[in-house]
Amino acid sequence: MSSNLIIVESPAKAKTIEKFLGKDYKVKSSFGHIRNLVKKNFGIDIDNNYKPKYEVLADKREIVAELRDEVKNSTSILLASDEDREGEAIAWHLWEVLKLNKKNTKRIVFNEITKPAIKKAVANPRNINLDLVNSQQARRVLDRLVGFKLSAVLWKKVKSKLSAGRVQSVAVKLLVEREREIIDFKPVSSYKITAIFEAVDINGDVKKIETELSKRFDNEQEAVDFINKTGKSLHTVKSIVKKPAKKSPSPPFTTSSLQQEASRKLNFPVLKTMRVAQKLYEAGKITYMRTDSVNLSETSQKNIKEEILKEFGNKYYKKRNYKTKVKGAQEAHEAIRPTYIKNKSAGKDNDERRLYELIRNRTIASQMSNAEFERTVIKINISNNELYYSVVGEVLIFDGFLRVYSYAGGERKTVFLPKLKVGQKVDLEQIDAIEKFTKHQPRYTEASLVRKLEELGIGRPSTYAPTISTIQNRGYVIKENREGQEREYIHIKYNNVKIKKYKKKEIFGAEKSKLFPTDVAMVVTDFLSDNFNNIMNYNFTADVEKEFDDIADGKLVWYEMIDKFYKDFHTKVEDTIKNADRNTGERILGKDSKTGKQIMVRIGKYGPIVQLGVPEDKDKPIFASISKEYHIETINLKEALGVLNNSSNGRLLGKDPKTGREIYVRFARYGAVVQIGKAGDKEKPKFASLLKGMKIDKITLEEALELLKLPRDVGMYESKKVVVAIGRYGPYIRHDSKFTSLKKEDNPLTVSLERAIILIEQKREKDRKNIIKEFKEDETVKIIKDRWGRTCIVQNKKYYNIKDIKNPEKLTLKKCLALIEKMSGGTNNKKPTRKKKK
DNA sequence: CAGTGAGCGAGCTTCCGCTTGACTT
């Protein structure tokens with residue numbers, strides 16, 4: 001009989017540990033936090049030393065009940081949540097909720113999941129550290145107060161349903177500040193001078209070298225003057241300097257650096273990286289993927305060493321210990337590494353295999369020797385000018401860690417230079433002066449924003465990906481591509497005889513999967529910065545973290561720290577609600593020359609709008625949504641007029657030849673639509689979303705008419721209608737009340753019945769493969785593999801997960817119905833009960 | 001999914017961190 005209970009945070013961890021400890025120990029998981037602050041009144045009794053009021057999370061009730069049973073059957077309980085602030089708090093919440101007592105309950109910690117480490121932890125139990133728990137409570141209470149109070153201010157002063165918080169508001173501010181820098185950026189051009197020389201090397205062979213001048217010129221005239229002055233000058237080798245250079249590997253992965261590299265090398269968004277890593281973790285292939293530690297355990301370092309020696313030899317090995325430089329790191333885990341470094345490949349699909357390989361290579365590289373280069377700089381003298389040309393050659397002498405891992409910036413180019421002598425004459429063959437423009441700072445990607453937040457010590461590994469999602473879901477940020485623009489630049493060529501000038505074109509400023517702040521983000525950031533500058537300060541988190549540390553060290557009482565913060569904060573909140581103007585980013589652009597009415601832009605109830613006229617006008621004002629191509633801050637009167645003409649009632653495309661009703665195209669709440677008729681018409685207007693790539697100001701009447709034909713009957717199949725339409729998730733086929741998505745290459749306006757049937761059959765084939773068992777007696781019940789590969793019973797479109805059942809193909813109908821009965825009861829209880837209101 | 005936008009007001013929204021399910025067209 002097992003009589004010892006160990007509770008950890010993660011079920012995957014529980015499984016591993018149970019194997020190490022034998023049958024006297026049962027290892028269970030709490031699945032993270034089990035309690036949270038209630039929502040009512042902030043869940044905090046502000047007048048009573050900020051006493052928190054907790055409730056068991058709705059989806060943890062079952063787990064808590066289960067743990068309660070286990071506790072009853074155990075003689076000793078070991079709380080083994082992570083060794084950090086949050087982990088200590090989880091242990092304490094378990095203690096409180098499970099009504100544990102000092103007699104049989106201890107706290108243990110380990111940061112390596114190996115048999116000796118766990119045995120050692122079990123042998124050295126301690127008590128819960130209440131100071132550490134209190135520092136977590138302070139963190140939690142502060143975040144709740146800041147988050148809920150600030151959000152409520154925004155609802156009143158900007159727009160309903162907005163949100164603000166210690167982490168997200170700063171993340172948005174980073175994007176807004178960068179965007180403004182970019183908007184204000186004025187590219188400056190200069191002239192880069194390059195020259196090609198012919199030189200006789202020490203073997204007597206003639207070689208070419210491409211060099212660059214030590215200075216760029218501010219304008220075309222200076223560049224031309226320089227060429228005129230030095231085109232016929234004597235050029236000689238001024239110096240040749242050789243220097244060894246080296247490059248060290250990067251530390252093994254943390255959550256943040258894994259997200260960077262998966263984004264850069266595999267093109268994964270951060271959420272995908274975490275999802276794929278989670279799969280590898282659950283399968284036991286990698287260590288925990290939410291960590292800020294770059295530490296490798298002794299054991300794993302030993303294994304990595306063996307692997308390197310075996311695969312590459314002694315020359316490639318170098319023992320390295322890494323230290324985190326990140327502010328506020330808590331290091332409850334190891335770095336992310338393969339559990340068994342010997343496994344060269346792991347994972348069930350391509351994404352998992354690629355991510356595993358990336359993790360493995362990075363881990364191995366982190367214990368390998370430096371890459372070594374030889375760098376040579378040759379400088380060329382100009383007889384009648386103090387400027388000089390130079391060229392850098394680089395040759396890889398020893399690849400070291402580069403054998404398995406290329407570092408940021410991609411492959412280093414090998415440049416060989418001819419062997420020359422100092423003082424020798426070289427012959428000028430060609431000079432090019434090319435106009436170059438300065439570039440603005442890059443926009444953030446998901447991954448680079450995470451890196452910046454980590455650098456500032458804001459947010460935690462478990463929240464980086466969710467934070468990036470939140471700011472997108474709240475409408476503060478959109479991730480998108482932007483096409484580049486064309487511009488002209490000047491290229492002056494001198495071929496040792498005469499100068500020629502060319503005008504050339506280049507594309508610049510193209511963006512791929514970048515984060516763009518919306519108008520709402522700009523208005524909210526300004527509002528919060530004006531009124532709550534301390535919280536918007538990039539150092540706010542780092543400063544409060546210092547105080548949390550003091551609480552953990554027993555040097556500060558947590559509610560006194562909160563009180564000191566809250567007194568000022570609360571006053572400021574009240575003051576802002578009372579005195580601050582509504583901030584909707586309102587900007588008056590000018591007057592409409594036709595009607596004489598005022599035109600302005602601002603944030604409306606549903607997003608940015610242009611407004612013609614003010615409410616006091618007799619005639620109602622006209623409103624028009626602003627598309628993402630324009631910004632409230634930069635749109636001008638002419639563009640606003642364009643938006644008004646294109647919207648409100650929409651841009652009139654023409655009349656429907658069939659019905660004679662007018663057809664408009666405009667922006668609606670969820671994107672661009674074409675519309676037949678108006679709201680006031682007797683006949684109701686009909687709408688159709690625009691296809692991807694269609695632009696409101698480009699679409700023609702013909703295209704609009706085509707769109708309005710959707711949903712489109714394409715014919716009959718098996719005596720049932722086949723209908724094509726565009727839905728929330730893109731174009732689809734509906735047949736026999738089943739949905740099939742169209743492929744990228746299919747056009748819903750033209751797709752044929754034949755093609756539709758092929759797609760329907762493909763879908764059926766795929767579904768058929770997933771059917772495990774059907775019942776003749778009752779065709780509504782099936783056992784299938786669902787979209788995510790889990791075994792389920794399905795009845796009336798409801799799915800009942802039975803992944804824990806072995807041999808599902810042997811289930812009888814009776815048994816299935818019993819399972820459905822049981823589970824529908826279970827799932828209904830799980831859902832949080834909602835108050836019904838009339 | 002839906003075709004709004006003033007202002008009024010009811011009733012809603014919202015935070016950060018720790019975990020994994022559940023999930024639909």
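Note on naming: letters A, B, ... go to the chains in the order of the sequence lines (proteins, then strands), and numbering restarts at 1 for each one.
When base pairs are accepted only as Watson-Crick or G-U wobble with both N-N or N-O distances under 3.5 Å, DNA chain B takes part in no stem of 3 or more pairs.
A salt bridge does not link A:R139 with A:E545: none of the charged nitrogens is closer than 4.0 Å to a carboxylate oxygen. Remark: A:E66 engages A:K28 in a salt bridge, criterion side-chain N to carboxylate O under 4.0 Å. Of the charged side-chain nitrogens involved, none lies within less than 4.0 Å of a carboxylate oxygen, so that A:R460 and A:E86 do not count as a salt-bridged pair.
The CD atom of A:E282 sits 6 Å away from the P atom of B:dG21 (whole-angstrom rounding). Taking atom CD1 on A:I90 and atom C1' on B:dT20, their separation rounds to 13 Å, with Å as the unit. Here B:dT13 presents its P atom at 16 Å from OH of A:Y476, a figure rounded to the nearest Å. Whole-Å rounding puts the A:M289 CE to B:dT19 P distance at 7 Å. Going from atom NZ of A:K39 over to atom P of B:dC15 covers 9 Å, rounded to whole Å. Rounded to an integer number of Å, the gap from CG of A:L79 to C1' of B:dT19 is 16 Å. The interatomic distance linking A:H33 (NE2) with B:dC15 (C1') rounds to 13 Å, in whole Å. Distance A:I63 CD1 to B:dA22 C1': 13 Å, rounded to the nearest Å.
At least one side-chain nitrogen or oxygen of A:R166 sits closer than 4.0 Å to the OP1 or OP2 atom of B:dG17. Look at A:Q136 and you won't find any side-chain N or O under 4.0 angstrom from OP1 or OP2 of B:dG17. Under 4.0 angstrom from either OP1 or OP2 of B:dT19 there lies at least one side-chain N or O belonging to A:Y288. Residue A:T470 has no polar side-chain atom (N or O) positioned under 4.0 Å from OP1 or OP2 of B:dC15. Taking side-chain N and O atoms only, A:T463 has no distance below 4.0 Å to OP1 or OP2 of B:dC16. Between A:S163 and the phosphate of B:dC15, there is a side-chain N or O to OP1/OP2 separation shorter than 4.0 Å. A:R474 has a side-chain polar atom (N or O) that falls below the 4.0 Å cut-off from OP1 or OP2 of B:dC15. The phosphate of B:dT19 has OP1 or OP2 within less than 4.0 Å of a side-chain N or O from A:R290. Taking 4.0 angstrom as the limit, A:R144 places none of its side-chain polar atoms (N or O) nearer than this to OP1 or OP2 of B:dC16. Residue A:Q611 has no polar side-chain atom (N or O) positioned under 4.0 Å from OP1 or OP2 of B:dG5. When the side-chain nitrogen and oxygen atoms of A:S462 are compared with OP1 and OP2 of B:dC18, one or more of them lie within a distance under 4.0 Å.
Residues A:P11 and A:S169 both approach DNA chain B. Their nearest nucleotides, taken by heavy-atom distance, put A:S169 toward the 5′ side.
Take A:F148 and apply the ring-ring contact (aromatic ring centres under 6.0 Å, His included) test, not counting sequence neighbours, and it matches no residue.
Listed nucleotides: B:dG5, B:dC18, B:dG21. Nearest to the side chain of A:R602: B:dG5. Nearest nucleotide to the A:V167 side chain, out of B:dG21, B:dG17, B:dC18: B:dG17. Distance from the side chain of A:S160 is smallest for B:dT13 among the nucleotides B:dG5, B:dT13, B:dC18.
In this structure, NE2 in A:H735 is found 9.0 Å from CD in A:E761, a value given to the nearest 0.5 Å. Note that the NZ atom of A:K157 and the CZ atom of A:R582 stand 8.0 Å from one another [nearest 0.5 Å].
Panel note: side chain A:R734, backbone A:V723; no donor-acceptor pair is recorded below 3.5 Å.
Stacking of the aromatic ring of A:W155 onto the base of B:dT13 is found: the ring centres lie under 5.5 Å apart and the planes are inclined by under 30°. Ring stacking holds between A:F148 and B:dT14, with the centres under 5.5 Å apart and the planes within 30 degrees of each other.
Between A:R474 and A:L162, every side-chain heavy-atom pair lies at or beyond the 4.5 Å cut-off.
Heavy atoms of A:G87 sit nowhere under 4.0 angstrom from any nucleic acid atom. At the heavy-atom level, A:Y464 lies nowhere under 4.0 Å from the strands shown. A:A89 comes within 4.0 angstrom of no nucleic acid atom, judged by non-hydrogen atoms across all strands. Among the heavy atoms of the strands lying under 4.0 Å from A:G32 is at least one base atom, whether or not backbone atoms are also near.
Cation-pi check for A:K13 over A:Y281 is not met; the charged atom does not lie both under 6.0 angstrom from the ring centroid and within 45 degrees of its normal.
No hydrogens or angles were tested; on distance alone, a donor-acceptor pair under 3.5 Å links the side chain of A:R140 to the base of B:dC15. Evaluation of atom-type donor-acceptor distances gives a pair under 3.5 Å for the side chain of A:R139 against the base of B:dC16.
Residue A:A171 comes nearest to A:L449 through the heavy atom pair O-CD1, 4.1 Å, listed as atom of the first residue, atom of the second, then distance.
Remark: the separation of the C1' atoms in B:dA2 and B:dC23 is 24 Å, to the nearest Å.
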